[in-house]
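Start at 1 with the first residue, then count along the sequence.
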Amino acid sequence: MSMRLGQLLLKAQLITEEQLKQALSEQKIRGVSLSSALIELGFLKEEDLLNFLKKRYGVPSINLADLELDPKLVELIGHDFMQKNQVVPVRRSGSTLYLAMVDPFNVSVIDDIKFRTGYHVEALVASETDIKRAIDRFIDPASSIDGVLTDFEDEGMEVVRHEDSFDLTELEKTAEEAPVVKLVNLILADAITKGASDIHLEPYEKFFRVRYRIDGVLYEVMRPPIRMKNAITSRIKIMAQLDIAERRLPQGGRFLIRMQNREMDFRVSVIPTLFGEKVVLRLLDKSKLQLDMTKLGFEPETLEIFRKAIHKPFGMILVTGPTGSGKTTTLYSVLSELNKTSDNICTAEDPIEFNIPGVNQVQMHEAIGLNFATALREFLRQDPDIIMVGEIRDLETAEIGIKAALTGHLVLSTLHTNDAPSTISRLLDMGVEPFLVSSSVIMVVAQRLVRVICPDCKEPVEVPPEALLDLGVPEEEIYDFTCYKGRGCNSCSNIGYRGRIALFEVMPVNEEIKELTLRRTPANEIKKAAIQAGMKTLRESGITKIKQGVTTIEEVLRVTVD
């Protein structure tokens, strides 16, 4: 199937030969289907593949978002067979069984089902994502959140509430009991399925709640019985190999789980609070790491300016924004594009979120003296071409990075500032000399993440002209401006958004900005000069995304200021 599908997509010019080779290699390494590999690598959109299959085979498509699987049909085909071959029985009519498939002409699978069931099979085409979601919804319905919480109530377990006196042996035993393990596993699997980036387990005086951060926003998903908080926390600490007896000091660890051919890295942070230990788990999904800069959110003209800067042989490029604004992803995308056999790339990170083959990544350890400044000094003895520093936090790191940029190296790093122009002022406030900043910094990029409107429930919405004017839309454009929102559906868990994209403010450091830097000019003056030179602000980038129907006015207002 893989080779046939690949050749058909090549013939239709939907992919290139090089992309097919990469996808086939990824398929072998990860054991996924060719279509999954092509989609995950960003070579093909799922809707384009679906439309191609519909036209190619002349079979109808089906949306499985609202489909409730018939247990009798699942039993007839076999759950393991469905998962292995990614097929879903839709309905039965007389002697005909309607089957949703990614490849509706996979004759071997159709013949196998005919033999198993004795029915004539009518194939329908569906996206692989929809099929996986439909199967996931059916898996072990007894493991629903309500079901597991009912198990807790029925078990009648008791955990000592007094925070200063507890039986460690009893707590270890409770943490390993079936309902606790089952609930923790459910929380982790549910968070992965919903695309959460963080899980928060928070103890309060009268309740214990679990929240997921999905596309940058926290949502409460459940409230387990408060008496179970110590057992649940201990279970996660055991998984992360932390000390369950230590409840007075913060702890950090990590663990890895595999789910549906995906590896998910969980970074665990535990801190003591007034009513117990709060646990936050950061989910790092390698399969979702977007390393294609054309997919990050850059406007075409802005991307061209950015690309010119990253291909310069030396200088410093800074990416700025608050925590969680996607700075690391942008830098990883740059490294991926610059990653060549002819270049030596070294990075200092805290923590290393994803491994990039061909890049020398160093994890910081402050406790033993390995910090960004120390790593930078050692990098300069390692014959580097490109250096990435996770974050410039102090004057020492800034000065070493700038000197590296001045001595023929390309240096990439991040700072926490509100916009691109204020980054210059931030470096000067740190104590870096103006002539060093003007000589070394060649570009500053500010970014924010906004949620993307769910394509499955997207619809136009009326917006008063005054609101558009207040947003910053030019008066001559407001009557040709169509805004959209997500109505809410199963695909987006009734939120109306699915996924995120970045807004970018790209500021090349030209001669005028260098001159203003030497004079220690305030950030607002630098901003005016940058805008006059053609810089598109974060708000303007957001307006472009609204006009394209990518995001909403509310999202742009949430992350940008005038």
| field | Sequence-distant partners of Lys403, side-chain contact (heavy atoms from CB on, under 4.5 Å), two or more places apart | value |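 Applying side-chain contact (heavy atoms from CB on, under 4.5 Å) to Lys403 gives none.
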| query | How many angstroms lie between NZ in Lys527 and CG in Leu516, if you round to the nearest 0.5 Å? | reply |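 So the NZ of Lys527 and the CG of Leu516 are separated by 15.0 Å.
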| Asp385 and Lys340 ion-paired at < 4.0 Å |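 Looking at Asp385 and Lys340, the cut-off is not met.
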| task | Answer yes when Arg307 and Glu304 have at least one side-chain N-carboxylate O distance shorter than 4.0 Å, and no when they do not. | result |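 The answer is no: the pair does not qualify as a salt bridge.
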| query | Above 12 or not: heavy atoms from other molecules or residues under 6.0 Å from CD of Glu459? | reply |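 Counting other residues, nucleotides and ligands, CD of Glu459 exceeds 12 neighbours.
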| Can you tell me if CD on Glu17 sees more than 12 non-hydrogen neighbours from other groups inside 6.0 Å? |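 For Glu17, atom CD is not crowded (no more than 12 foreign heavy atoms under 6.0 Å).
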Counting only N and O atoms by type, is there a donor-acceptor contact under 3.5 Å from the side chain of [X] to the main-chain atoms of [Y]?
X      : Y      : value
Asp215 : Gly499 : yes
Gln19  : Leu38  : no
Thr407 : Ala404 : yes
Glu555 : Val450 : no

| query | Checking side-chain contact (heavy atoms from CB on, under 4.5 Å) against Met507, which of Leu318, Ile513, Val445 comes through? | reply |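 Per the side-chain contact (heavy atoms from CB on, under 4.5 Å) rule, the option paired with Met507 is Ile513, out of Leu318, Ile513, Val445.
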| said: Applying the side-chain contact (heavy atoms from CB on, under 4.5 Å) criterion to Leu335, which one of Ile310, Ile345, Thr330 satisfies it? | reply: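 That would be Ile345; it is the only one of Ile310, Ile345, Thr330 passing the side-chain contact (heavy atoms from CB on, under 4.5 Å) with Leu335.
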| Verdict with reasoning, Lys514 to Glu511, per salt bridge (Lys or Arg N to Asp or Glu O under 4.0 Å) | CA-CA 5 Å; Lys514 287 181 181 179; Glu511 292 303 319; 3.7 Å; yes
Does the side chain of [X] pick up a donor-acceptor pair with the side chain of [Y] at under 3.5 Å?
X      : Y      : answer
Asp190 : Thr193 : no
Thr417 : Thr320 : yes
Thr374 : Asn371 : yes
Thr544 : Glu299 : no

| Who pairs with Phe504 by ring-ring contact (aromatic ring centres under 6.0 Å, His included), at least two apart in sequence or on another chain? |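 If we apply the ring-ring contact (aromatic ring centres under 6.0 Å, His included) test to Phe504, skipping adjacent residues, the hits are Phe298.
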| query | Where do Met293 and Ser333 come nearest, in terms of heavy atoms and distance? | reply |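 Heavy atoms only, the tightest pair is CG-CB, 3.6 Å.
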| What are the two closest non-hydrogen atoms of Ser325 and Leu449, and how far apart are they? |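 Scanning both residues, the minimum pair turns out to be O-CG, 3.4 Å.
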Side-chain polar contacts of residues 460-478 - donor-acceptor pairs under 3.5 angstrom, sequence neighbours left out - could you list them?
residue: Glu477; atom: OE1; partner: Lys547; partner atom: NZ; Å: 3.4

